Amino acid sequence: MPPLFLALTTFCCCQRPAAAQAQSINFVVLRRLDIASEGAVPLGPLVQGADGLFYGTASAGAASRLGSVFRFDADGGNFSVLFPFFGPPDNGASPVGGLLQARDGFFYGTTAAGGFNNFGTLFRFDPTSAAPAPAYLASFNLGSLGTDPESSLVEAFDGSLRGTATGGGNANAGAFFRVDVPSGTLLPLSSFFGALDGAFPSARPVRSSRDGNFYGTTLQGGRFNAGTIYRVDGAGARTVVFDFNADTIGSLPRALTEGFDTNFYGVTRTGGTLGVGTIFRFDPTARQFDLLYTFSPSDGSGYDAFGDLLRASDGNFYGTTSRGGAFDAGTIFRVTPGGAFATLYSFTNNIFFDGANPQAALTQGADGRLYGTAAGVEGQPATIFRVDLGLPRPTPLVRFFNPTVASVGDTVALVGEAFVGASAVLFTGENNTLVPASAFQVVSGTYLLAQVPDGAVTGPVTVVNADAAQQPSAATLTVSVPGSTPPPPANTLAVVSLIANDAAASLVGPDNGQFLLTRAGGDLAQPLAVRFTVSGSALRARDYALANANGTTIGGNPFTLTFPAGADTLTIDVVPRPGAFRGRARNVILRLAPDPQRVKTYTLGASNTATVTIAAQ
């Protein structure tokens, strides 16, 4: 299906608080999703991967009727459904949030249902795979992990992820959790308790570039039971910093978005003086709340802003409403940091045209254009669209480096934003010259690896976009040994091997079996996480347990174990369970798995599979 191109001029009838502006826009329908095979009701924002393609989720439809993950290029071509969801007990269902590409190159996401408890799952997939498939890392529950995760994940400075579960937790009012990367371990950090503490955090948290803390919103709770803004510090301690009021400033707040001024901006779905939502600004340091705009159900400007705001490259904010507009089918709008509001486009509710009911946040591509989805009304297909407002390409911003001190030839990780489509990475040279990186790799939109070039000296680092737009980093990289490039180390990757140190186990004795993992080469002074899978005729948990050297049970599949710094061996004990193995022997097979990270830290030795046999009683 070829894209449908429209050049339209739309007007906002509303004059609150500033006169609306008319603007000619280029609106393109890239695709109408086939409900039965491709998906329906996309609720999470699209995300552009390091490969330049856009990735999205549908919360329903596709072959399973339980949603899908799809991708496409900037013109809507090369569309493919990567996989559908099939529901419990082994699969997720109904992804409501969007995806996040983490610094290991994998995409991570959640589903609001499915999994062993049918309360949602945490999954990831490799976009470089010939046939990407989800690896389910955890199932949510009524306990501390929470239920019904509906938001996208966000990345912390250390590379771990944060997210929220709308329900569950210790008081059934939601939970805040952490995901360690690359192990994929899901850890609860805090539970919401309702009332003054806030309840039902359905929106993604956001990391503040001002203080490094995470900020988010709850749908209910607070002093007026209209929702809250909360803060979570590095230790996981959570504090309510603002209470919404439905009568004046709004209720049911969506996620916060950080502006270039480091204040937060957001929308509420309901409340305000007209009852259908507001747009606001919040200063996290002064805890100052400013009401910027009040939506109206009667003036055609749109209302029921279900999706979050997008801060675009021009410094303004763009969003969608699911209702209102010229055809009561939703709108696309712009609001400035000062509160000047304009409706840019009204959806027509025509399934053969542009569709209706946009509920996901917009995304700005590396080309400067905006991309989004319209969920459609019940039973009608969703659409994927693109809007060209003539905005500049996003300028890459470097927030910090890891490490902060490096030598010529070292690889430095840059953490920031808008790295997709980067054309160059420039280091500071002598006399304020700029020296191109020896090599660089865009791993995700927020993570880039660059090699310090010959001639680099201490100074800022700059990432350049395709239009040559650039902004030097505020932080300074210390180059400790400027000059000629040193020879590369003889072996930069650790070689990991596996044998059966004790290949026999039984309940008689008792006698545990044991696997031995060894590493050679690489940097022994650093910890090393390795993955392995388990199979065999013996059933884990029922017939045996796996334990590490201190007797702690090892869980998961695939599994991850970490060599401590300075250690070159690890042992895994096979501990038979009482009552098992009557009548015949059973075996346990371990296989080392390749390093899942884009930037590899280990490779497999010749001996990477081993078997322990557990004797029958």
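We're numbering straight along the sequence, starting at 1. The structure displayed is predicted, hence computed values, not measured ones.
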(request) Give the C-alpha distance, both sets of side-chain angles, the deciding distance and a yes or no for side-chain hydrogen bond (donor to acceptor under 3.5 Å, both in side chains) between Y136 and D90. (result) CA-CA 8 Å; Y136 290 96; D90 301 324; over 6 Å; no
(message) With heavy-atom distances below 4.5 Å as the criterion, would you say the side chains of F214 and L256 are in contact?
(response) no
Return all side-chain donor-acceptor pairs below 3.5 angstrom for residues 494-504, not counting sequence neighbours, or 'none' if the list is empty.
| from | atom 1 | to | atom 2 | distance (Å) |
| --- | --- | --- | --- | --- |
| N501 | ND2 | Q514 | OE1 | 2.8 |
| D502 | OD1 | A504 | N | 3.3 |

(message) For the residue pair R591 / S535, report whether a side-chain donor-acceptor contact shorter than 3.5 Å exists.
(response) yes
(message) Under a plain distance cut-off of 3.5 Å, with no hydrogens placed, do T111 and S94 share a side-chain donor-acceptor pair?
(response) no
(request) Give a yes or no on whether the backbone of G221 and the side-chain of N225 come within a donor-acceptor separation of less than 3.5 Å. (result) yes
(request) For residues A175 and S144, report the shortest heavy-atom separation together with the two atoms involved. (result) CB-O, 3.5 Å
(message) Let me confirm one number: the CZ-OG1 distance from F54 to T373, rounded to the nearest 0.5 Å.
(response) 12.5 Å
(request) Determine whether more than 12 heavy atoms belonging to other residues, nucleotides or ligands lie under 6.0 Å from atom CZ of R65. (result) no
(message) Less than 4.5 Å apart, side chain to side chain, heavy atoms only: is that true for R231 and S208?
(response) no
(message) Suppose the criterion is salt bridge (charged side-chain N to carboxylate O under 4.0 Å, His left out): which pairs have a residue in residues 187-206, not counting sequence neighbours?
(response) D197-R238, R204-D308
(message) Can a donor-acceptor pair be found, under 3.5 Å and without considering hydrogens, that links the side chain of S537 to the backbone of N587?
(response) yes
(request) Side-chain contact test, heavy atoms from C-beta onward, threshold under 4.5 Å: evaluate it for Y544 versus V575 and give yes or no. (result) no
(message) Using the salt bridge (charged side-chain N to carboxylate O under 4.0 Å, His left out) criterion, which residues pair with D211? Sequence neighbours excluded.
(response) none
(message) Quick one: does any side-chain atom of T218 pair with a main-chain N or O of T228 as donor and acceptor, under 3.5 Å?
(response) yes
(message) Taking F85's backbone N and O only, do any of them form a donor-acceptor pair with S64's side chain (distance below 3.5 Å, no angle check)?
(response) yes
(message) Suppose the criterion is salt bridge (charged side-chain N to carboxylate O under 4.0 Å, His left out): which pairs have a residue in residues 180-194, not counting sequence neighbours?
(response) R178-D180
(request) Take R531 and S183 through the test side-chain hydrogen bond (donor to acceptor under 3.5 Å, both in side chains) and record every step on the way to the result. (result) CA-CA 8 Å; R531 295 207 309 166; S183 70; over 6 Å; no
(message) Donor-acceptor pair, distance only, cut-off 3.5 Å: does the side chain of T164 make one with the backbone of P201?
(response) yes
(request) Please answer whether the main-chain N or O of A366 pairs with a side-chain N or O of Q48 as donor and acceptor at a distance below 3.5 Å. (result) yes
(message) If the condition is side chain to side chain donor-acceptor pair (under 3.5 Å), which residues does E258 pass it with, not counting sequence neighbours?
(response) S209
(message) Measuring centre to centre across the rings, with the benzene-like ring taken for any Trp, is F72 within less than 6.0 Å of Y55?
(response) no
(message) Give me the atom names and distance for the closest heavy-atom approach of A538 to V588.
(response) CB-CG2, 4.0 Å
(request) Give a yes or no on whether the ring-centroid distance for F200 and F192 is below 6.0 angstrom. (result) no
(request) Kindly write out the residues that satisfy ring pair (Phe, Tyr, Trp, His ring centres under 6.0 Å) with F157, not counting sequence neighbours, or none if the list is empty. (result) F400
(request) May I ask you to test the L142-T147 pair for a side-chain heavy-atom distance under 4.5 Å? (result) yes
(message) Using modelled atom types and a 3.5 Å cut-off, is there a donor and acceptor pairing between side-chain atoms of R71 and backbone atoms of P127?
(response) yes
(request) With sequence neighbours left out, write down each residue that passes ring pair (Phe, Tyr, Trp, His ring centres under 6.0 Å) with F79, or none if nothing qualifies. (result) F70
(request) Quick one: list whatever passes side chain to side chain donor-acceptor pair (under 3.5 Å) with D233, sequence neighbours left out. (result) none
(message) Would the distance check show the side chain of S444 and the main-chain N or O of T446 forming a donor-acceptor pair, the cut-off being under 3.5 Å?
(response) yes
(message) Is the distance from the ring center of F123 to that of Y108 below 6.0 Å?
(response) no
(message) Measuring only between side-chain heavy atoms, which start at C-beta, is L546 closer than 4.5 Å to V574?
(response) yes
(request) For residues 162-190, pull every pair meeting ring pair (Phe, Tyr, Trp, His ring centres under 6.0 Å), keeping only residues two or more places apart or in separate chains. (result) F140-F177
(message) So, applying side-chain contact (heavy atoms from CB on, under 4.5 Å) with L99, which one of L153, T110, T57 is it?
(response) T57
(message) Side chains of I572 and L561, heavy atoms from C-beta outward: is any pair under 4.5 Å?
(response) yes
(request) Would you give the length of the straight line joining atom CG of L517 to atom OG1 of T569, rounded to the nearest 0.5 angstrom? (result) 9.0 Å
(message) Please check: side-chain N/O of S59 versus main-chain N/O of V41, any donor-acceptor pairing under 3.5 Å?
(response) yes
(message) Between S68 and E38, is there a side-chain heavy-atom distance shorter than 4.5 Å?
(response) no
(request) Any salt bridge (charged side-chain N to carboxylate O under 4.0 Å, His left out) involving residues 413-422? Give me the pairs, sequence neighbours left out, ordered by first then second residue. (result) R311-E417, R399-E417
(request) Say whether, by atom type as modelled, one donor and one acceptor occur between the side chain of T217 and the main chain of I229 under 3.5 angstrom. (result) no
(message) Please tell me whether Y230 and Y215 form a close aromatic pair, meaning their ring centres lie under 6.0 Å apart.
(response) no
(message) One thing to verify: whether R103 and E155 come together as a salt bridge, which I'm taking to mean a side-chain N less than 4.0 angstrom from a carboxylate O.
(response) yes
(request) Report yes if some heavy atom in the side chain of P381 is under 4.5 Å from a heavy atom in the side chain of L33; otherwise report no. (result) no
(message) Test of understanding: with ring pair (Phe, Tyr, Trp, His ring centres under 6.0 Å), list the residues that count as partners of F119, not counting sequence neighbours.
(response) none
(request) For F306, enumerate each residue passing the ring pair (Phe, Tyr, Trp, His ring centres under 6.0 Å) test, keeping only those at least two apart in sequence or located in another chain. (result) none
(message) If only side-chain N and O atoms count, and only distance matters, is there a donor-acceptor pair under 3.5 Å linking D73 with N78?
(response) yes
(request) Starting from the C-alpha separation in whole Å, work towards a yes-or-no answer on side-chain hydrogen bond (donor to acceptor under 3.5 Å, both in side chains) for T601 and D595. (result) CA-CA 7 Å; T601 57; D595 188 350; 2.8 Å; yes
